[in-house]
*Asks:* 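Got a structure here, written out as structure tokens. Questions coming.
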Protein chains: 2
Amino acid sequence: MSEQKIRNMEEFARISGISRPTVSKYFNDPDSVRSTTRARIESALEQYDYRPNIYAMNQNRKLTKNVGIVVPLLADPYFAEIARNLEQRCIAAGYRPTLFSSHGDPAFEVEVLDTLRSLKPAGVLLAPLGRASDVAALERFCEAVPTVVFDSSVDEIGLAFVGSDNFQFTRHITDYLCRTGEPPCFFEMRTPANPNAHRRRHSYLSAMAAFGHTPTVISVDGEGWAFEEIGRLGAHEAFRQDRFTSNTILCSNDRLAIGMLTACYEQGMKVGRENKATIRVAGQDGHPFSRYTCPPLTTISHNYDAVSQTAAEALFEAIEGNVTPWKSTRLEGRLILRDSA
Amino acid sequence: MSEQKIRNMEEFARISGISRPTVSKYFNDPDSVRSTTRARIESALEQYDYRPNIYAMNQNRKLTKNVGIVVPLLADPYFAEIARNLEQRCIAAGYRPTLFSSHGDPAFEVEVLDTLRSLKPAGVLLAPLGRASDVAALERFCEAVPTVVFDSSVDEIGLAFVGSDNFQFTRHITDYLCRTGEPPCFFEMRTPANPNAHRRRHSYLSAMAAFGHTPTVISVDGEGWAFEEIGRLGAHEAFRQDRFTSNTILCSNDRLAIGMLTACYEQGMKVGRENKATIRVAGQDGHPFSRYTCPPLTTISHNYDAVSQTAAEALFEAIEGNVTPWKSTRLEGRLILRDSA
DNA sequence: GAATTTTCTTTACGCGCGTAAATTTTTAGT
DNA sequence: ACTAAAAATTTACGCGCGTAAAGAAAATTC
């Protein structure tokens with residue numbers, strides 16, 4: 001590595017004995033230049049560590065290589081995990097991902113989209129807040145920027161939607177719970193942030209009907225994204241009011257279930273499927289933390305890999321010109337049997 | 001909002017009846033123009049929604065308004081939380097934060113810093129991976145970019161270090177445990193990713209000596225950042241080998257403690273401070289999930305707000321020209337008493 | 001080896017803005 | 001109302017690169 005500082009592409013081109021337009025072509029797509037030329041540029045790159053100024057690059061390019069990844073709440077390990085997965089796929093495909101969290105705030109979600117717009121991204125992978133989102137703003141954004149929506153769908157916005165099959169999730173785990181013990185009650189937030197919650201409730205109701213059982217839905221109060229606390233407080237309240245009609249509780253999501261488990265502990269109840277246990281608790285999502293609850297949480301897990309792969313590929317295809325009609329993909333989940341139910 | 005699309009600052013200046021250099025000045029600092037002028041620009045802004053091209057802006061500015069935030073692992077809610085905190089402080093101070101995670105990978109950490117460099121940020125808030133970091137690369141980066149290091153320190157790198165006082169953390173909680181029951185064993189990773197772990201071990205040893213107790217350190221194997229699993233497996237192994245010389249276990253961090261709690265559950269041991277319990281477990285960090293373990297985890301919490309405020313302010317000061325000599329700030333933690341110990 | 005195709009070089013312009021200097025206009029001070 | 005100071009305008013240049021066009025050079029084909 002030589003000491004000499006390269007100031008710009010002009011200098012780098014001169015020093016590597018190639019013309020600047022060709023060097024520019026190389027940086028836009030290394031495979032677009034002859035292999036001998038490529039080799040010369042790359043050996044010069046090793047000597048003089050030069051990197052094109054991204055601001056100057058993106059100013060003139062019709063399309064940048066930027067990809068935005070937006071999740072509702074990065075503090076939720078579920079979104080952190082899927083964001084990580086998406087980020088790596090973007091890098092592998094030669095894009096420059098930038099990560100954003102809406103922090104559970106609809107106003108901030110709009111700000112994030114505004115910021116993103118000024119980055120002139122080639123595309124965006126967006127997991128909307130859901131119910132609380134400013135749908136009109138989302139719609140306007142999706143018209144301006146190629147966007148694949150994931151996790152929770154809002155109308156038929158963007159290029160495509162990729163998420164989990166929430167009907168299958170709940171049907172599957174309800175089926176399991178019915179076969180192995182008392183049919184479950186359903187524990188959820190009254191005003192869930194995420195539209196998937198409604199699908200799960202409906203699926204629970206229809207599954208219970210199909211199996212010939214009487215459903216019980218316990219909807220608890222609470223706004224925002226502090227699901228564990230909402231679950232914990234709601235569970236205590238429900239215990240106090242004796243609203244659980246079964247010893248089995250299916251929670252609308254894992255974070256609610258984690259709060260429920262804490263409440264059970266605080267009530268002195270033993271959770272599990274063994275003899276001494278008095279209550280079974282199951283979640284939904286396959287949350288990274290669900291393995292480490294006490295007892296470990298039985299849940300149905302998103303197919304993280306498949307969701308992110310499908311979403312990322314749909315976006316890359318569209319960016320590269322193969323725009324297909326709007327399509328919704330809903331992937332099945334995998335039941336994870338642990339000790340809690 | 002008018003239909004007309006504004007293409008550039010020239011057009012926007014003409015339409016708002018102000019000269020372009022003045023408009024440019026406004027966008028660099030709204031307070032640098034006369035209030036009547038500011039009002040005219042802002043009313044035009046409401047009509048024609050124009051935003052300066054950030055690429056063109058940053059190309060010529062000596063200093064961008066970008067601030068990089070780098071954490072070792074965004075999937076860890078502790079880092080997610082502190083990153084969120086820092087992000088909001090950057091926005092409030094008029095900077096444009098960009099979030100990066102090293103994903104626990106030293107090679108990726110270097111890549112992140114490389115990417116960051118090409119963004120020509122005004123400054124960076126960096127939480128290094130620690131032991132695994134490529135220290136030489138960090139050093140080179142800090143020389144090129146104003147950087148405040150937080151969470152875990154690596155030499156005397158950057159403008160300043162801000163973190164927690166790990167000696168105080170462990171001394172304080174060890175003191176508490178000794179006063180309320182059997183003196184604790186110390187449970188840790190043999191090769192911790194984070195240098196804070198060493199401080200905590202030393203502090204445990206010196207605290208035990210000061211109180212006149214015999215220390216026991218249980219170091220478990222395991223590489224990487226899957227602390228819960230390392231804690232769980234390590235705890236099982238330690239139970240099998242009967243290495244715990246006390247009914248009280250102080251874990252080096254909360255995630256290890258969470259794994260420990262899971263192992264205790266799997267061993268059929270009751271954790272807590274009441275009569276029926278056979279073992280006490282405590283953590284360190286004040287991890288967002290520690291409230292929801294079963295039993296809820298007694299821990300000593302970082303002062304998230306103070307750490308991020310101190311780090312952010314140190315960076316902003318330096319960016320604005322007030323460079324002070326390197327300084328290390330270590331903030332005290334707050335004991336959080338819960339049921340586990 | 002000549003003809004064709006591919007790749008590279010040369011030349012040139014423009015992107016949208018920062019910024020500096022000189023000049024004019026507006027505001028503040030007494 | 002006059003003056004000095006502050007702010008805005010005009011003019012002009014440059015940043016580092018994308019990109020287009022035309023011609024030269026190299027590689028490929030038969």
Side-chain angles (χ1 to χ4, degrees), chain A residues 4-45 48-66 94 96 117-122, chain B residues 4-45 48-66 94-96 117-122 319:
Chain A
Q4 192 175 347
K5 285 281 165 196
I6 310 280
R7 311 189 134 271
N8 53 35
M9 198 180 276
E10 193 76 51
E11 247 183 67
F12 176 76
R14 201 172 38 240
I15 228 160
S16 59
I18 309 275
S19 74
R20 189 179 68 75
T22 305
V23 172
S24 170
K25 225 175 154 232
Y26 166 85
F27 278 110
N28 280 325
D29 177 11
D31 291 330
S32 69
V33 302
R34 204 189 297 147
S35 63
T36 57
T37 311
R38 186 164 56 245
R40 286 168 68 191
I41 294 179
E42 277 163 3
S43 85
L45 266 181
Y48 297 99
D49 132 276
Y50 157 78
R51 309 187 62 173
N53 180 312
I54 57 167
Y55 298 110
M57 280 178 60
N58 289 330
Q59 176 170 21
N60 298 318
R61 242 209 278 266
K62 317 166 208 302
L63 217 57
T64 70
K65 283 282 188 178
N66 297 335
R96 295 175 37 94
R117 225 165 180 153
S118 70
L119 286 176
K120 305 193 189 305
Chain B
Q4 192 174 349
K5 285 281 164 196
I6 309 282
R7 312 188 133 272
N8 53 36
M9 198 179 276
E10 192 76 52
E11 248 184 67
F12 177 77
R14 199 170 40 239
I15 230 162
S16 58
I18 310 275
S19 73
R20 190 179 67 75
T22 303
V23 172
S24 170
K25 225 173 154 234
Y26 167 84
F27 279 109
N28 280 325
D29 176 11
D31 291 329
S32 69
V33 302
R34 205 188 298 144
S35 63
T36 57
T37 312
R38 186 164 57 247
R40 286 169 69 191
I41 294 180
E42 277 162 2
S43 85
L45 267 180
Y48 298 99
D49 133 275
Y50 156 77
R51 307 187 63 173
N53 180 312
I54 56 165
Y55 298 111
M57 280 178 60
N58 288 330
Q59 176 172 22
N60 298 318
R61 242 210 279 266
K62 317 168 206 300
L63 217 57
T64 69
K65 283 281 191 180
N66 298 333
Y95 295 97
R96 297 176 34 93
R117 225 164 179 153
S118 69
L119 286 175
K120 306 193 188 306
I319 289 174

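Throughout, a chain's letter reflects where its sequence line sits, starting with A, and its residues are numbered from 1.
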*Asks:* Examine the side chains of A:Y48 and A:E11 and answer whether a donor and an acceptor come within less than 3.5 Å of each other.
*Replies:* no
*Asks:* Find the distance between OG (B:S16) and CD1 (B:I6) and round it off to the nearest 0.5 Å.
*Replies:* 8.5 Å
*Asks:* Kindly compute the distance separating CZ (A:R40) from OG (A:S35), expressed to the nearest 0.5 Å.
*Replies:* 12.0 Å
*Asks:* What pair of heavy atoms forms the shortest contact from A:S118 to B:Y55, and how long is it?
*Replies:* O-CE1, 4.1 Å
*Asks:* Locate the shortest heavy-atom distance separating B:N66 from B:L119; write the atom from each residue and the value.
*Replies:* ND2-O, 3.4 Å
*Asks:* List the atom of B:I319, the atom of B:A122, and the distance in Å for their closest heavy-atom pair.
*Replies:* CG1-O, 3.5 Å
*Asks:* Pull out every residue in residues 23-30 of chain B that has a heavy atom closer than 4.0 Å to any atom of DNA chain D, ordered by number, or say none.
*Replies:* none
*Asks:* Reckon A:Y55 has a side-chain N or O less than 4.0 Å from the OP1 or OP2 of D:dG18?
*Replies:* no
*Asks:* Just the rounded figure in Å: distance from C1' of D:dA20 to CZ of A:R61.
*Replies:* 17 Å
*Asks:* Can you list every stem that DNA chain C is part of, counting only runs of 3 or more consecutive Watson-Crick or G-U wobble pairs with both distances under 3.5 Å?
*Replies:* C:1-30 with D:1-30
*Asks:* More than 12 heavy atoms of other residues, nucleotides or ligands under 6.0 Å from CZ of B:R7: yes or no?
*Replies:* no
*Asks:* Rounded to whole angstroms, how far apart are CZ on B:R38 and P on D:dA7?
*Replies:* 11 Å
*Asks:* Report the distance from atom CG of A:N53 to atom P of D:dG14, rounded to the nearest whole Å.
*Replies:* 18 Å
*Asks:* Nearest whole Å is fine: how far is D:dC15 C1' from A:I54 CD1?
*Replies:* 15 Å
*Asks:* Where do A:D31 and A:R38 come nearest, in terms of heavy atoms and distance?
*Replies:* CA-NH1, 3.7 Å
*Asks:* Measure from CZ on A:R40 to C1' on D:dA26 and round the result to the nearest Å.
*Replies:* 12 Å
*Asks:* For the residue pair B:F12 and B:Y50, does the interplanar ring angle fall in the parallel (under 30°), tilted (30 to 60°) or perpendicular (over 60°) class?
*Replies:* parallel
*Asks:* Please give, in whole Å, the distance from D:dG18 C1' to A:K120 NZ?
*Replies:* 15 Å
*Asks:* When you measure only distances, ignoring hydrogens and angles, does the side chain of B:N60 come within 3.5 Å of the base of C:dC17 through a donor and an acceptor?
*Replies:* yes
*Asks:* Report yes if a side-chain nitrogen or oxygen of B:T22 is closer than 4.0 Å to either non-bridging phosphate oxygen (OP1 or OP2) of D:dT9; otherwise report no.
*Replies:* yes
*Asks:* Indicate the atoms forming the closest heavy-atom contact of A:T22 with A:S19, along with that distance.
*Replies:* OG1-OG, 3.0 Å
*Asks:* Side-chain donor or acceptor of B:R20 under 3.5 Å from a matching atom on the base of C:dG16?
*Replies:* no
*Asks:* Separation of B:R34 atom CZ from C:dT24 atom P, in whole Å?
*Replies:* 17 Å
*Asks:* Figure out the CD1/C1' separation between B:I6 and C:dG16, and round it to whole Å.
*Replies:* 14 Å
*Asks:* Pick the closest DNA chain D nucleotide for B:A56 and for B:S19 by heavy atoms, then say which residue is nearer the 5' end.
*Replies:* B:S19
*Asks:* Any base atoms under 4.0 Å from A:P52, or only sugar-phosphate, or nothing? Heavy atoms, all strands.
*Replies:* sugar-phosphate
*Asks:* Tell me which nucleotide among C:dG18, C:dC17, D:dA8 gets nearest to the side chain of B:Y50.
*Replies:* C:dC17
